[in-house]
Protein chains: 2
Amino acid sequence: MSNLSTTSDEILACARSLIVAGGYNGFSYADISDVVGIRKASIHHHFPSKVDLVRTLVARYREEAEAGMANLERQVSGPLEQLRLYVGYWEACITDASAPFCVCALLASQLPVLPEEVGLEVRAHFRSLSAWLTSVLERGARHGQFQLMRTPRAEAEAFMATVHGAMLSARAYGDPKIFGVVTGPLLERLAPASLQIRS
Amino acid sequence: MSNLSTTSDEILACARSLIVAGGYNGFSYADISDVVGIRKASIHHHFPSKVDLVRTLVARYREEAEAGMANLERQVSGPLEQLRLYVGYWEACITDASAPFCVCALLASQLPVLPEEVGLEVRAHFRSLSAWLTSVLERGARHGQFQLMRTPRAEAEAFMATVHGAMLSARAYGDPKIFGVVTGPLLERLAPASLQIRS
DNA sequence: CTCTGTCTACCTTCTGGTAGGATGGCTGTC
DNA sequence: GACAGCCATCCTACCAGAAGGTAGACAGAG
């Protein structure tokens, strides 16, 4: 508990970036071993199996995501501003290429070949993100800041799907700007210019 | 050239469904061998390397996609109806679970770990799909059937991203209906009820 | 008699995983 | 303070199986 970055943290961070690049079957213990500078067997000491490693990694990712949402709830008042910051977060990640894809979105695409335990964590992330977006949209609609054409839930699902699709397109084109092109209009549509003055 | 379904066609079809399930690193020659009922070595006779197999597979997928778009251009007059059929095609694929994901969308998510030749084909698909959607939206806007809030290109990118995101969500939730929930409003937004009468 | 498609048999490298030994810090006891 | 024991971490060495791929034999069709 002494140093800020323990070996197991390093392993998790490394595995995360490898998963973001290529998914569950896109990396091996040997890859981590190369990057972290540790033997394969030592990784097994921290995470007995690959499933353990990835389950832990996704669980931690989920915690961070929930913490991020809670933070937006506490520190940001306006629903529109909350969504803007959420999208802005990803725009920054993609632009600086630090983590240009959501771990759970990537893993979800391979759900059929994922170990069950990992799949469950991935699904849970989708549910919790969708639930938060739903609550933000609902509040925005109540306050008259958003004009929803559907139920908050449906709009939230569409919002989430579009953000994920925008990540994919940015990767496919190899152009971070496309993420902004796709997500920008999303916010404008929810809150037409006439309602945006107060934000 | 005698039978309608040659061995190499069977291999391609099998590989396609395996890729749709788990991506490039999610299947092996042995998996195909099991399904098709042929030895691994025989697969190598048709496709010397895995890269050959997947490149061919994606190239063929692209041909089919272009043929599908050309077909819509020829046989369907209204831009709105074209988009409706495009979305409906995927809705059907997802509902009957026959091919519940776009091969290129799935591969695009793993672009960083894809062999370069495959990556090029995948990108080409994104460009051609986006170009077709742009032209459909442009035509619809000219004819007054669509109300675009952005350039046709930007709307096309958003449309494509949302469809891909909807596939992902349907998979994540394990619920085909979510695809319709997300994509339905897409069309309504482009062509508000007041303009939809004629379609 | 060649060419296509399939086979068996084999190779090399990678993969996730295990066994067991060295090191070194922490704790409890005298 | 010295010492024993314990435990966490990392190591070397190994394993079985899966990965993609090759060599060469055989059968049948043209």
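For the numbers below, each heavy atom of this structure counts, side chains included, while hydrogens, waters and symmetry mates do not. We name chains A, B, ... by the order of the sequence lines, and we start the count at 1 in each one. Note that this is a predicted model, so its numbers are computed, not measured.
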Smallest heavy-atom separation, A:Leu111 atom then B:Arg171 atom, equals CD1-O, 3.3 Å
Starting at atom [atom1] of [X], determine the distance to atom [atom2] of [N], rounded to an integer number of angstrom.
| X | N | atom1 | atom2 | value |
| --- | --- | --- | --- | --- |
| A:Ile43 | D:dA8 | CD1 | C1' | 17 Å |
| A:Tyr24 | C:dT15 | OH | P | 13 Å |
| A:Ile38 | D:dA8 | CD1 | P | 16 Å |
| A:Arg39 | C:dT15 | CZ | P | 15 Å |
| A:Leu18 | C:dT15 | CG | P | 11 Å |
| A:Tyr29 | C:dT18 | OH | P | 10 Å |
| B:Ile32 | D:dA18 | CD1 | P | 16 Å |
| B:His44 | C:dC7 | NE2 | P | 13 Å |

Worksheet item: What nucleic acid atoms does B:Phe27 come within less than 4.0 Å of, heavy atoms only: base, sugar-phosphate, or nothing?
Response: sugar-phosphate
Would you indicate which nucleotide in [options] comes nearest to any side-chain atom of [X]?
| X | options | value |
| --- | --- | --- |
| B:Ala41 | D:dC11, D:dA19, D:dA23 | D:dA23 |
| B:Lys50 | C:dT8, D:dA13, D:dG20 | D:dG20 |
| B:Ser28 | D:dC11, D:dA19, D:dG21 | D:dA19 |

Does the side chain of [X] get closer than 4.0 angstrom to OP1 or OP2 of [N] through an N or O atom?
| X | N | value |
| --- | --- | --- |
| B:Thr7 | C:dG5 | no |
| B:His45 | D:dG21 | no |
| A:Ser42 | D:dC11 | yes |
| B:His46 | C:dT6 | yes |

The answer to which of A:Lys40 and B:Pro48 contacts DNA chain D further toward the 5' end, by nearest nucleotide, is A:Lys40
Look only at the side chain of A:Tyr29 and the backbone of A:Ser49, and say whether a donor-acceptor pair between them is shorter than 3.5 Å.
yes
Between [Y] and [X], is there a salt bridge with N-O shorter than 4.0 Å?
| X | Y | result |
| --- | --- | --- |
| B:Glu121 | B:Arg62 | yes |
| B:Arg60 | B:Glu63 | no |
| A:Arg150 | A:Glu157 | no |

